[in-house]
Every structure is written in C-alpha cells, then in structure tokens.
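Got a structure for you, questions after.
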Amino acid sequence: MTEKTQAPDRYDIKAVETRWRERWEAEEPYRADIAQKPKYYCLEQFPYPSGHLHMGHVRVYTLGDVIARYYRLRGYAVLHPMGWDAFGMPAENAAIKSGIPPKVSTLANIDYMKQQMRQMGLSFDWNREVTTCLPDYYRFTQELFLLFFERGLAYQRAGAVNWCPSCETVLANEQVEEGKCWRCDSVVTKRDLTQWYFRITEYADRLLEGLTRIDWPEEIKAQQTHWIGRSEGATVQFDLEDLGDRITVFTTRPDTLFGATYVVLAPEHPLVERLIAGRQEADAVRAFVERERLVSDIERTAETTEKRGIFTGAYALHPLTGARIPVWVANYVLVDYGTGAVMGVPAHDQRDYLYATKYQLPIPVVVKPESGEEPALPYVGSGVLVNSGRFTGMPSEGAKGAIAAELKALGHGDLKVSYRMRDWLISRQRYWGAPIPIVHCSECGPVAVPKDQLPVELPDNVQFTGQGASPLAQAADWVNTTCPRCGKPARRETDTMDTFVDSSWYYLRYASPHNTHEPFSRQEADYWMPVDEYVGGKEHAVLHLLYSRFFTKVLHDAGWLSVDEPFQSLLSQGMVIYGGAKMSKSKGNSLSPETILAEWGADATRLFMLFAAPPEKDFEWSQQGVEGSYRFLQRVYRLVVRPRGTGSDAGALERLNRIQARTIKKVTEDLGERRAFNTAVSALMEYTNALYQEIEAVSPEKQQQLLETLAVLLAPLAPYLAEELWHELGHHESVHASQWPSYDPAWLVEDEVEIALQVNGKVRGRLVIGAEWSEDQIQAQALQHESLAPYLAGHRVKKVVVIPKRLVNVVVAP
RNA sequence: GCCGGGAUGGCGGAAUCGGCAGACGCAGAGGACUUAAAAUCCUCCGAUCCGGAAGGAUUGUGCGGGUUCAAGUCCCGCUCCCGGCACCA
C-alpha cells in the first residue's frame with residue numbers, strides 16, 4: 001500500500017532541498033547589485049580552507065544567512081559574499097609531508113567546502129568570491145603593502161622578535177598568547193632578526209577613539225582598549241655621573257619623583273654596556289644579563305617571578321634634587337615598553353617596594369593620604385605630597401603636571417603617552433603567503449617593486465623542507481633580479497606577509513571583486529561600506545578585528561575610502577559545545593557537519609542552532625534538541641498541506657488576526673533589531689500552535705493569508721521548507737524574492753485585557769477590563785471584586801496603585 | 001591582581017522600559033489513535049504543605065542587606081563560574 005492519495009504526513013528533506021538548491025543555483029537570486037534602495041552589507045568571517053566545515057562554521061554562516069535573507073525580504077540591496085582566507089601554514093605543512101603543492105590542496109579544499117556551503121542553503125553571491133592565495137587577489141595585497149611603504153607605515157627594523165620553533169617563523173605580538181604560539185601552542189622564543197613592520201602604533205589613539213563610534217560588544221571593545229594600553233605619564237631624564245649620557249625613564253607617577261631612590265634598566269637596554277665599561281662590576285653584570293636573556297618570556301613577565309637585579313656601579317643624578325642615586329639592571333623591567341628604564345619609587349609602587357626591600361634600598365614616603373595619616377607601604381593611591389621640595393603640600397594629581405612642567409623647563413623630561421601595543425610584525429619566513437614586493441639592492445637599499453610589475457608571483461619550483469629560512473630563498477632564479485631603480489643585480493625579499501594582512505582588506509575586495517586595475521573602486525566601496533553586521537568569533541578580538549580597523553583608517557587617510565571604521569556592528573557568536581566541552585579532535589567529541597546535514601537536513605540543523613541559544617552564547621549540540629526542531633518543521637509542513645475544513649467563526653478570525661500581527665511584529669524585531677533568533681523561532685512555534693488550534697474556523701482566503709505569513713517569516717530561518725511551502729501555496733516565484741509581511745497595528749491593541757489584582761503585592765484575583773476603562777473605573781471594580789473581599793475586610797486601604805493593562809495593587813494596613 | 005561577561009525548573013532558555021517569574025522547546029508522566037509499535041494528536045509538569053478532587057496556602061530567579069505599593073530587573077556588600085589581560089612602570 002504505497003499508493004498515496006492524501007498528502008504525506010512528512011516531507012522528504014533530501015528531495016525538497018535538492019529541488020530548491022538546483023533552482024537557486026540556476027537563477028542566482030542572491031546577486032548583489034548597486035541599486036536605488038538602501039544597502040545592507042552582511043558579512044561573516046571567511047574561513048581558512050582546511051578541507052571541511054566544522055560546526056562553528058555552520059553556526060556562524062547560519063547566523064549571517066538569516067540576517068542577509070531578512071534584509072533582502074525587507075527590500076534592501078544586500079551584499080552577502082563569501083571567500084577564502086587561503087594562504088597559511090597548514091597547506092604548506094601538508095606539502096612538506098605529502099609533496100602536494102599548497103595551491104593544489106588549497107583549491108581542492110575550497111571546492112569541497114563550497115559544496116558544503118551550498119548544501120546548507122547559504123545565500124551567498126558567489127560571483128563575488130575572493131580567494132586570497134590567487135594572484136588576482138594578492139597582487140592587490142602587495143599594492144596595499146606598497147601604499148603603506150610610501151606612506152612610511154611599512155618599515156624594516158632589526159631587533160628581538162618572537163620566534164615559533166615549530167612554525168619556523170616569527171610572530172607578531174598579538175599572535176603570542178601566554179608565551180605560546182596562537183596557532184600551534186609551541187613555546188615562543190626570541191631571535192634577533194631584521195623584519196618588516198606596519199606602524200600600527202601611529203594609529204593607537206585613533207583606534208581607541210573609533211571604538212566609541214561602533215556598535216560592538218563591550219567585551220571586545222574592552223579587549224582592544226586594553227591591548228592598545230594607553231597610559232599617560234611623563235619621561236624623566238637622569239644625567240649619568242661622569243658620563244655624557246643620560247637615562248630616560250617613563251613613569252605614570254611623576255608626582256612621586258622625589259621618592260625615586262634608584263634607576264633600573266632592562267637587561268637588554270643599549271646603555272648597559274656603556275655604563276659598566278671598565279668597572280669592577282662589569283663581569284658580574286654581563287653574567288647577570290646573559291642569564292636573564294635565556295629566561296623565557298612567559299617566566300620573565302610573570303608577576304610572580306622573583307625580582308632579580310644587580311648594581312651596575314654607576315650613579316645617576318636626580319633631576320630635581322641632584323642626589324646621587326644608584327643605577328641597577330633588573331629582570332622586572334621590559335626593554336620594549338616605555339623607554340626600557342624606570343625610576344624606582346619603592347614607597348609608592350608594588351614592584352619597586354618588593355625590589356627595594358630585597359636589596360635594602362631606601363624607601364622614603366613622598367605621598368600621604370588626604371587624611372594625613374601614615375600610609376601602609378607601598379601606598380599607590382593619590383594624596384598630598386610630602387618631602388618633595390617646593391611641591392610639598394600639593395595634591396598628587398595636580399603635582400603630576402607641575403613636576404612634568406618643571407622637568408620640561410629644565411630640559412629633563414616632558415609629558416608623554418605610552419602604549420602597550422607594539423608595531424605589527426608582518427614578515428613570515430614561509431612560502432605560502434603573499435610575497436613582500438620589495439627588492440634589496442646593495443646600492444639603493446630596499447626598493448618597492450613598481451606597481452606595473454605586480455604581482456610578484458610565488459615561484460612553483462621550490463622544495464618544501466620545513467627547515468631554515470623561507471623556501472623562497474632557495475629559488476635562485478626567482479630571488480635574483482635587478483634593481484627597479486638602478487638596474488644593478490639585486491635580490492628579492494624572500495619573506496612573505498602575515499596572512500592577517502590578506503584578511504585585513506578582503507571585505508573591501510568584495511565591493512569590486514573583478515576589478516583588475518585597483519584593489520577596489522572607491523565608488524563601489526563607498527556604496528557598500530561599512531559592513532553593517534559582521535558575524536564572527538571572539539578569538540579575533542585583538543587580531544583580525546584590530547588589524548582590519550587599522551587598514552581601514554590608513555585607506556581612509558590615503559583617500560581611498562570614505563569610512564574609517566570597517567564594521568559598524570559586530571555580532572560575536574559563542575562556541576559550539578558537544579558533550580559538555582568545546583569540540584576538538586583530541587577530545588574525540590567532534591561532530592561532523594556532513595553527517596548532521598545528511599541526517600537532519602539544512603533547515604532543521606539551522607533552526608536548532610538558532611533556537612537553542614542566543615547567538616552570543618555558547619551553544620550545546622544535542623541530538624534530542626535537533627529532533628525537536630525537525631518535528632517542528634514537519635508540523636509546519638503538515639499544517640500547510642493537509643486537507644482543512646473551513647468556517648466563519650468571527651471570534652477565531654479575530655484571535656488569529658491578533659496573533660498574526662503580534663507574530664509579525666515580534667519576528668521583525670527579533671531578526672532585525674535584537675538579533676534574538678531564539679525568541680523569533682519560539683514566536684513562530686506559538687503562531688503555528690495557534691493555527692493548529694483554529695485555522696479551520698476561518699475562510700479559505702484567510703487561511704491562505706495566514707499560511708503565507710508563516711512561510712515568509714520562516715524563510716530566513718528555514719529557507720528550503722519556506723520555499724516548498726510557498727510553492728504549495730500556489731506561488732511560482734521564490735519566497736526569498738517576496739516581501740516581508742506587514743500588519744495592521746490595530747490588531748495589537750487588545751480591547752479586553754485580564755489584569756492581576758494584588759493585595760500588598762500578592763496576586764489574589766483577576767479582572768477582565770475593557771481597553772477604554774479609566775483608571776478610576778478599574779480601581780472601583782477592583783476594590784469591589786469578590787476575590788479581594790477576604791483580604792480587604794477589616795483592613796484600612798492605604799493606597800491603590802493602578803497600572804493600566806497590567807495590574808491593580810491594593811496596599812492595606814496590617 | 002585588573003578588565004569584561006554571567007548565575008532563573010531535571011535540561012536549553014524566556015521575561016525588551018521596575019508591574020502576574022518560568023514563554024517556547026527538550027526530557028518526563030498520563031490519555032487518545034493502533035492488533036502492537038513508531039509517528040501523530042490532547043492533557044499535566046518549580047518546590048513544600050493542606051485537600052478525595054476542584055482548589056488553596058506558603059515559598060521560589062547564586063548569597064546577605066537596601067530602595068519601592070511592587071525587584072530576576074535598580075542600589076550596596078559578597079560567593080562562585082566563564083572569558084580576556086597579567087611585573088606595561
């Protein structure tokens with residue numbers, strides 16, 4: 001009995017999804033075009049093509065897709081593109097193992113992942129796909145490098161850098177987490193190397209200021225603010241006794257200057273060697289410096305590490321008192337923050353206090369609390385200056401400026417702002433990245449490759465050994481070239497760029513993906529930018545998200561762009577959890593999107609991810625949970641296709657009109673403003689339940705209209721089923737090209753409301769009131785209501801609070 | 001230590017501007033349909049107590065205070081959990 005005369009009670013997910021996927025791909029309904037209507041740029045962070053989507057990708061692309069589909073239905077010109085962050089080490093490491101060239105494996109991975117995205121029903125405009133490892137993209141990455149170079153924002157510098165021994169390359173500061181490589185977790189060591197940097201510190205204040213103008217989660221803004229680490233203070237210069245030199249320190253507490261009893265240099269400070277030359281302390285200091293240099297960064301910068309130091313034998317002169325104070329070298333001073341030197345003020349700094357106690361240096365108090373009592377040491381608060389020459393008696397806050405001014409007048413210091421953030425180290429000693437477009441000439445130095453010679457393409461004939469320097473260095477016929485300026489023999493730069501450079505501007509390339517003569521056109525970028533909603537993970541809070549803001553500001557300054565912030569709003573989604581923990585292969589709790597999509601289909605998978613938690617919270621996958629979403633979709637399907645009776649019950653019609661209006665309003669707000677997709681889904685469930693209750697009591701025309709509303713509201717969330725229902729309802733165009741429903745606000749106004757009757761705040765009864773009732777009328781009815789009688793009898797009514805449409809609270813004396 | 005976020009039934013979560021806590025779903029219980037099961041449909045479902053039941057009382061949003069007619073929501077003081085930073089002068 002396979003014969004089916006009635007509508008089936010379930011739909012075949014695979015058949016439905018295949019049918020519409022094929023049609024959508026043929027018709028390309030998601031092409032973004034500049035149009036005479038408001039634009040909406042919805043972007044999700046593009047993936048590294050590892051070979052397979054993971055559940056985190058499924059979540060982030062679902063969230064973005066809902067937003068994109070919603071705004072399309074609202075009539076916006078929507079840009080919703082996708083691409084590939086395709087340079088990076090995994091492909092190169094795979095090449096070392098397997099011999100398959102990175103380009104080959106990467107492009108194959110892209111093909112597979114693209115097919116997975118198509119299966120998920122994601123509404124990307126594939127005509128705008130960008131792939132950062134292809135020359136038609138990275139030639140512009142190189143062009144942007146040259147722009148930075150011309151503007152003095154890209155420069156080479158020698159110095160100690162972070163080196164990941166496992167990745168065989170250097171890392172930027174942002175890419176070292178607790179002393180370990182962000183990618184592979186190896187302990188990072190130091191190397192002295194000449195490397196390329198982007199001068200992001202020049203934009204520190206603008207990066208801070210911009211945060212006040214964008215709609216990002218507090219959490220992410222706080223992380224960036226802290227990373228930038230702006231700190232207002234002063235420099236103070238201490239002349240060295242018997243030497244022509246001076247030591248410059250940075251302090252945030254110039255008010256405590258009179259309490260400085262010693263000066264400390266970082267072990268790596270360039271002055272150390274000059275200070276000790278010829279002194280009896282020299283050998284001991286050198287030995288100390290050598291020892292400290294070997295200590296790893298994690299240990300070196302841990303707060304709990306014991307403070308160790310050594311006296312250099314040299315003395316400095318206090319700039320205001322002229323006192324002789326000893327110069328030390330100590331492990332707790334960092335060479336790359338401030339000036340790499342500090343003044344030791346033991347009474348008013350925790351670290352200096354510990355140090356001075358250990359080495360028996362004097363600890364004079366120069367700030368006392370307002371109350372005048374003796375402070376417990378170290379006293380790091382503000383107060384009034386004591387023992388501070390002519391500044392004695394001054395409040396410490398005011399003394400900061402006064403002392404800095406005095407120093408400036410004497411030529412011994414000035415006000416100064418320091419930042420924690422360092423310049424961005426972008427060189428990588430790896431093959432699979434965009435080559436830095438520079439030629440090194442022995443006559444002219446580093447010379448920019450002229451624009452018309454871009455791209456500097458990666459050579460194919462290289463060996464991947466994973467050893468030593470960039471594999472590019474071994475490609476002799478590639479490395480050896482001529483100087484673009486003088487024509488003499490020269491060598492190409494063999495380092496490639498950090499892949500974060502590629503991803504710092506991809507959102508602009510989407511505006512002009514086929515432009516062959518510039519990275520993007522200003523006219524197109526100005527139409528689409530800024531990104532209205534950017535969806536991605538929190539792990540990029542100070543990496544990609546900071547770098548992209550920096551790029552946008554530089555391009556704005558160069559006149560290439562009108563905006564100076566790339567991402568107006570940021571939706572930062574939580575992790576996908578399974579079995580109580582973040583998924584990982586090592587924990588054996590990973591879920592494969594392939595299996596899940598095959599079992600439940602894209603719609604149920606999407607719907608469950610949206611329903612089970614708000615976007616920014618972690619989301620736990622559960623088998624029973626996705627079953628619930630699957631059941632709901634089947635229930636909706638049955639509601640639409642099953643044979644239904646009809647009727648003309650005026651009460652039912654009114655109730656259905658009301659819930660229809662309420663649902664449209666709720667789903668509109670939840671998708672559009674609140675991004676509360678979980679409550680949007682629950683509203684649709686309630687609507688569906690209500691339709692089940694009494695849709696048969698109204699006319700066929702009203703039924704059609706109620707169900708059409710359901711299909712359109714469901715379209716952003718479950719695009720395949722919505723399309724199927726839309727066609728079941730007799731339409732021939734796509735539901736995704738239809739219009740978001742509107743509602744008559746009159747239906748939101750209830751003409752009868754049940755309110756709570758409280759006595760002393762406790763609910764004791766209920767009362768149905770008419771919308772037109774006055775407060776007096778409500779109060780009168782409430783007071784005579786029989787349910788309150790036992791509670792009012794024998795008590796004096798002190799007060800009656802009437803909240804229209806909510807409750808009446810009668811306050812009685814005990 | 002500092003910064004940010006959080007804590008609500010057995011579970012995920014809702015309560016958007018101080019106004020009836022627990023929407024919606026999951027799990028569970030009962031019932032209908034079925035030869036049976038699945039599926040589906042209907043009902044119940046914070047805790048404690050009273051009651052045969054209908055119903056009622058008390059209590060309840062991490063803890064302790066406070067403001068208010070009214071607090072999950074506001075204020076003060078804590079506890080614990082998650083995330084970030086961590087000798088940054």
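Numbered from 1 within each chain, the chains take letters A, B, ... in sequence-line order. Quantities reported herein were computed from a predicted structural model and do not represent experimental measurements.
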**OP:** Please work out if R300(A) contacts a base, only the sugar-phosphate, or nothing of the nucleic acid, heavy-atom cut-off 4.0 Å.
**Re:** base
Original post:
Would you say the side chain of K307(A) and the base of C87(B) hold a donor-acceptor pair, judged only by whether the two atoms sit under 3.5 Å apart?
Top reply: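 Pair found.
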Original post:
With a non-hydrogen cut-off below 4.0 angstrom, is E299(A) in contact with a base, only sugar-phosphate, or nothing?
Top reply: nothing
Subject >> N or O in side chain of R662(A) less than 4.0 angstrom from A23(B) OP1/OP2 >> reply: no
**OP:** Could you tell me whether N331(A) contacts a base, only the sugar-phosphate backbone, or nothing, with contacts defined as non-hydrogen atoms closer than 4.0 Å?
**Re:**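 Counting heavy atoms under 4.0 Å across all strands, the contact made by N331(A) includes a base.
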Original post:
Under 4.0 angstrom, heavy atoms only, what part of the nucleic acid is Y791(A) near: base, sugar-phosphate, or nothing?
Top reply: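 If one applies the 4.0 Å heavy-atom cut-off, Y791(A) turns out to touch the sugar-phosphate alone, with no base involved.
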Original post:
Is a donor-acceptor pair below 3.5 Å formed from side chain R766(A) to base C20(B), judging by atom type as modelled?
Top reply: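 Yes, the side chain and the base share a sub-3.5 Å donor-acceptor pair.
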**OP:** Check whether any side-chain nitrogen or oxygen of K617(A) sits under 4.0 Å from OP1 or OP2 of G13(B), and answer yes or no.
**Re:** yes
Original post:
Which part of the nucleic acid does V800(A) contact within heavy-atom distance under 4.0 Å: base, sugar-phosphate only, or nothing?
Top reply: nothing
Original post:
Across the strands shown, which category fits P614(A) at heavy-atom distances under 4.0 angstrom: base, sugar-phosphate, nothing?
Top reply: sugar-phosphate
Original post:
So what does G625(A) hit on the nucleic acid, given a heavy-atom distance under 4.0 Å: a base, only sugar-phosphate, or nothing?
Top reply: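 G625(A): no heavy atom of the nucleic acid under 4.0 Å.
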Original post:
When the aromatic ring centroids of Y355(A) and W328(A) are compared, is their separation below 6.0 Å?
Top reply: yes
Original post:
Hey, is the side chain of T679(A) poking within less than 4.0 Å of OP1 or OP2 on G13(B), counting only N and O atoms?
Top reply: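 For T679(A), the contact criterion (side-chain N or O under 4.0 Å from OP1 or OP2 of G13(B)) is not met.
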Original post:
How far does the P atom of G31(B) sit from the matching atom of A38(B), given to the nearest Å?
Top reply: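 About 13 Å, rounded to a whole number of Å.
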**OP:** Select base, sugar-phosphate, or nothing to describe what T305(A) touches, counting heavy atoms under 4.0 Å on all strands.
**Re:**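 Touches a base.
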Subject >> C1' atoms of C26(B) and G62(B), separation to the nearest Å >> reply: 24 Å
Subject >> Phosphate-side-chain proximity, R638(A) and C41(B), N/O vs OP1/OP2 below 4.0 Å >> reply: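 For R638(A), the contact criterion (side-chain N or O under 4.0 Å from OP1 or OP2 of C41(B)) is met.
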**OP:** Would you tell me if any nitrogen or oxygen in the side chain of N678(A) comes within less than 4.0 Å of OP1 or OP2 on C24(B)?
**Re:** no
**OP:** Write down the distance separating the P atoms in C78(B) and G19(B), rounded off to the nearest Å.
**Re:**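 Those two atoms are separated by 28 Å.
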Original post:
Using purine N1 to pyrimidine N3 plus N6-O4 or O6-N4 for Watson-Crick, or N1-O2 and O6-N3 for G-U wobble, both under 3.5 Å, which nucleotide pairs with G64(B)?
Top reply: C76(B)
Original post:
When all nucleic acid strands are considered with a 4.0 Å heavy-atom cut-off, which category describes V342(A): base, sugar-phosphate, or nothing?
Top reply: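 Touches a base.
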Subject >> Donor-acceptor contact present, side-chain D352(A) to main-chain P346(A), <3.5 Å >> reply: no
Subject >> Any donor-acceptor N or O pair under 3.5 Å, side chains Q224(A), R549(A) >> reply: yes
**OP:** State, without any angle test, whether T709(A) and Q660(A) hold a side-chain donor-acceptor pair at a distance under 3.5 Å.
**Re:**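 Distance-only check passes for T709(A) and Q660(A).
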Original post:
In whole Å, what separates the C1' atom of A27(B) from that of G66(B)?
Top reply: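 The answer is 40 Å between these two C1' atoms.
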Subject >> Value in whole Å for how far the P atom of A15(B) lies from CD of E686(A) >> reply: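 That distance rounds to 12 Å.
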Subject >> L334(A) side chain, from C-beta outward: closest of A86(B), A15(B), A89(B) >> reply: A89(B)
Original post:
Is the shortest side-chain N to carboxylate O distance from E268(A) to R300(A) below 4.0 Å?
Top reply: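 Looking at E268(A) and R300(A), the cut-off is met.
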Original post:
Across the strands shown, which category fits E616(A) at heavy-atom distances under 4.0 angstrom: base, sugar-phosphate, nothing?
Top reply: nothing
**OP:** Tell me what A302(A) touches on the nucleic acid: a base, only sugar-phosphate, or nothing, going by heavy atoms under 4.0 Å.
**Re:** base
Subject >> Distance between P atoms of G64(B) and G9(B) (Å, rounded) >> reply: 15 Å
**OP:** Answer with base, sugar-phosphate or nothing: what part of the nucleic acid does N809(A) contact at a heavy-atom distance below 4.0 Å?
**Re:** base
Subject >> Euclidean distance for P, U16(B) against C2(B) (whole angstrom) >> reply: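 Here U16(B) and C2(B) have their P atoms 32 Å from each other.
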**OP:** Looking at every strand, decide which applies to R230(A) at a 4.0 Å heavy-atom threshold: base, sugar-phosphate, or nothing.
**Re:**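 Here R230(A) touches no strand at all.
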Original post:
Does G83(B) pair with anything, Watson-Crick or G-U wobble, both distances under 3.5 Å, and if so, with which nucleotide?
Top reply: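 C3(B) - that is the nucleotide pairing with G83(B), both distances being under 3.5 Å.
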Original post:
Does OP1 or OP2 of G18(B) have a side-chain N or O of R806(A) closer than 4.0 Å?
Top reply: no
**OP:** Determine whether any donor atom in the side chain of K762(A) lies under 3.5 Å from an acceptor atom in the base of U59(B), or the reverse, and answer yes or no.
**Re:** no
Original post:
Aromatic ring centroids of W600(A) and F632(A) under 6.0 Å?
Top reply: no
Subject >> Any-strand Watson-Crick or G-U partner of C20(B), both distances under 3.5 Å >> reply: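 Pairing partner, where one exists within any strand: none, as none qualifies.
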Subject >> Whole-angstrom distance between G13(B) and A21(B), as gauged at atom C1' >> reply: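 G13(B) and A21(B) have their C1' atoms separated by 13 Å.
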Original post:
Given the C1' atoms of U59(B) and A37(B), what is the spacing between them in whole Å?
Top reply: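 43 Å, rounded to whole Å.
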Subject >> Heavy-atom side-chain contact between D414(A) and L407(A) under 4.5 Å >> reply: no
Original post:
Looking just at side-chain N and O atoms, do R10(A) and Y630(A) make a donor-acceptor pair shorter than 3.5 Å?
Top reply: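 There is such a pair between these side chains.
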